[in-house]
Amino acid sequence: MSLSEGVSRREFVATVGGAAVGAAVAGSTVAGAQAKRRYAIVGTGVRGIGMWGRPIAQEYADVAEFVGLCDINPLRVEVAKKQIGVSCPTFTNFDEMMDKAKPDLLMVTTVDGYHSEYIVKAMGRGIDVMTEKPMVIDEKQCSAVLDAEKKSGRNLVVTFNYRYSPKHRTVKELLMKGTIGKVSSVDFSWYLDTRHGADYFRRWHRLRGKSGSLWVHKATHHFDLVNWWLDADPVQVSAFGSLQQYGKSGPFRHTTCRGCPHQAKCPYYWDITKDKNLTELYSNCESADGYSRDGCVFKEDIDIFDTMNAIVRYSNGVNMSYSVNAFMPIEGYRVAFNGTLGRIEVRDHERQSWKPEDATEIHVIKNFGQREKISPTGSTEGGHGGGDTRLRDLIFRKADAPAHMRLPNSRAGAMSCLTGIAARKSIDENRPIRIPDLVKLT
Ligand SMILES: NC(=O)c1ccc[n+]([C@@H]2O[C@H](COP(=O)([O-])OP(=O)(O)OC[C@H]3O[C@@H](n4cnc5c(N)ncnc54)[C@H](O)[C@@H]3O)[C@@H](O)[C@H]2O)c1
């Protein structure tokens, strides 16, 4: 049966998601105390280390014990062990780690295209899994993950940290309260600047086969927010995309910024040697796998888009016009919800050449009424506007949360990825794509 057939969104979430996922992943309670989880990570790059490695070792040692670290790069996994500050064994073979270290909780932070392989294997061994976004990069992987979860009876959490920053929660709660009546449409534009945007074109993200393109790698965050904000499923997507600044569009090229003869004239030249941590973790480990962290943004093999637009139709009749552009002079976004009683406008200023009055501006504008400024409450300390810290607490400390703030499950992972997968397919096939046609639930 398709995702939209036979089981309603609410029934599915009630069965598979919510508190059940959080409790299962956080560990059982023994006489009031939380049992320590045997915790392992596969994919020990910056995200594995900085979000799911070092903070867990330093702040959650009472509830999680590192039993293994795995990466295909034998040099990087050793650097990661040192940077995380743990003494557990390291592995380059996942099955060997699972056999020897016997984790009961796995964090997947590899390159996107390999998430599904490890999720499926771990669940087949009866392990709870957390995965970084995107859950998967194509519809085949999506079906495999959903099937594996169902068959194993284990739980999968997709760590959508964006939901947990105060600004995004504030928007969710304004919409839940019916502040602007029934939502009729959404305008959503995400801006990646010449620093952050360009960085995707230096690394594996530049290849569809590894990242699913920015439609999946990056936009999965945004599509998850919209699915959650609207409490609705995406149904149909029409999209356009092009590569205008990077890849073949560039005026010259080399392999890496290090040693490039065009350094002096290239606006995207970036000197990785100035960053001690990244040099240690990537450049010094290149001999093992050939992965260059400072690859040329003009490489001819780049097969993703830097300019993307889509119209998405949702199950509640809402239409969204969405765009993401990856070579902007600003980093941030605008999102607006148009409703029967008015409009919510959000402008997020993440990086720009001027100092904005507020990092995030949220306004409610009532039809025939006034504009009201809304101030999000809650700490923004830590990565992704405070979202990273809150998410770790929810997972490892079983922190209490209202229903709408519970951990995102595989269904959320699937729906957000499928929007991007449908957009990519819509461009390739020059036609609208229906999401229920992409994945069948067994
Ligand atoms: N939620 C967020 O805000 C956020 C932010 C950054 C990254 N991420 C996600 O985290 C993940 C890791 O990102 P990153 O920036 O650390 O990437 P990275 O390239 O720095 O690290 C990925 C690691 O995976 C390893 N790897 C590659 N293929 C592998 C395989 N087949 N098996 C095992 N290991 C393999 C690489 O050697 C590398 O060490 C990605 O899925 C990314 O989308 C999420």
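In each ligand, atom 1 is the first atom listed, and ligand 1 is the first ligand listed.
Considering only heavy atoms from C-beta on, R434 comes within 4.5 Å of V235 through its side chain.
Heavy atoms of E117 found under 4.0 angstrom from ligand 1: none, in either backbone or side chain. No part of F94 comes within 4.0 Å of ligand 1, judged by heavy-atom distances. Here E132 has side-chain heavy atoms under 4.0 Å from ligand 1, and that is the only part of it that gets that close. With a 4.0 Å heavy-atom cut-off, ligand 1 is reached by the backbone of K133 and by its side chain too. With a 4.0 Å cut-off on non-hydrogen atoms, N161 touches ligand 1 through its side chain and not its backbone.
Between I137 and G113, the shortest heavy-atom distance links the atoms CD1-CA, 3.8 Å. In terms of heavy atoms, Y333 sits closest to H168 at OH-NE2, 2.7 Å. In plain terms, the two heavy atoms of I344 and L175 that are nearest each other are CD1-CD2, 3.8 Å.
Between F396 and Y39, the ring planes lie perpendicular to each other; the angle is over 60°, past the 30° to 60° tilted range. Ring geometry for H217 against W204 counts as perpendicular: the plane angle is over 60°, on a 0 to 90° scale with 30° as the lower cut.
Remark: ligand 1 and T110 share an N or O pair separated by less than 3.5 Å (distance only, no angle test). Taking distance alone, with nitrogen or oxygen atoms compared against 3.5 Å, Y282 approaches ligand 1 more closely than that limit. Considering both main-chain and side-chain atoms, H115 comes within under 3.5 Å of ligand 1 through a nitrogen or oxygen pair.
Residue H205 places no heavy atom under 4.0 Å from ligand 1. Residue contacts with ligand 1: F160 is excluded, as none of its non-hydrogen atoms falls under 4.0 Å. The shortest separation from a heavy atom of H221 to ligand 1 is under 4.0 Å, placing the residue in contact.
Residue W204 has at least one heavy-atom neighbour below 4.0 Å for each of these atoms of ligand 1: 17 (O), 18 (P), 19 (O). Atom numbering of ligand 1 starts at 1 in the shown order; those under 4.0 Å from a heavy atom of D112 are 40 (C), 41 (O), 42 (C), 43 (O). Counting atoms of ligand 1 from 1 in the listed order, those under 4.0 Å from a heavy atom of R76 are 36 (C), 37 (O), 38 (C), 39 (O). Against a heavy-atom cut-off of under 4.0 Å, H217 is close to the following atoms of ligand 1: 42 (C), 43 (O). Near Y291, with a cut-off below 4.0 Å to any heavy atom, the atoms of ligand 1 are 19 (O). Listed by atom number, the atoms of ligand 1 under 4.0 Å from G45 heavy atoms are 16 (O), 20 (O), 21 (O), 23 (C), 39 (O).
Side-chain rings of F160 and W228 stay apart, their centers remaining 6.0 Å or farther from each other. Aromatic pair F201/Y268: centroids not less than 6.0 angstrom apart.
Heavy-atom neighbours of Y291 OH from other residues, nucleotides or ligands within 6.0 Å: above the threshold of 12. Other residues, nucleotides and ligands contribute over 12 non-hydrogen atoms within 6.0 Å of the CZ atom of R351.
Ranked by closest heavy atom to atom 36 (C) of ligand 1, the top entry among N73, V42, D71 is D71. Nearest residue to atom 33 (C) of ligand 1 from Y114, Y118, F91 is Y118 (criterion: closest heavy atom).
Between the side chains of H254 and Q263, no donor-acceptor pair is found at a separation under 3.5 Å. Remark: the Y164 side chain and the D388 side chain contain no N/O donor-acceptor pair separated by less than 3.5 Å.
At the top of the distance list for atom 22 (C) of ligand 1, counting protein heavy atoms only, stands T109 O, 3.8 Å. Closest to atom 15 (O) of ligand 1, if we only count protein heavy atoms, is V46 CG2, 3.7 Å.
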Verdict with reasoning, T44 to D71, per side-chain hydrogen bond (donor to acceptor under 3.5 Å, both in side chains): CA-CA 6 Å; T44 57; D71 198 286; 3.2 Å; yes

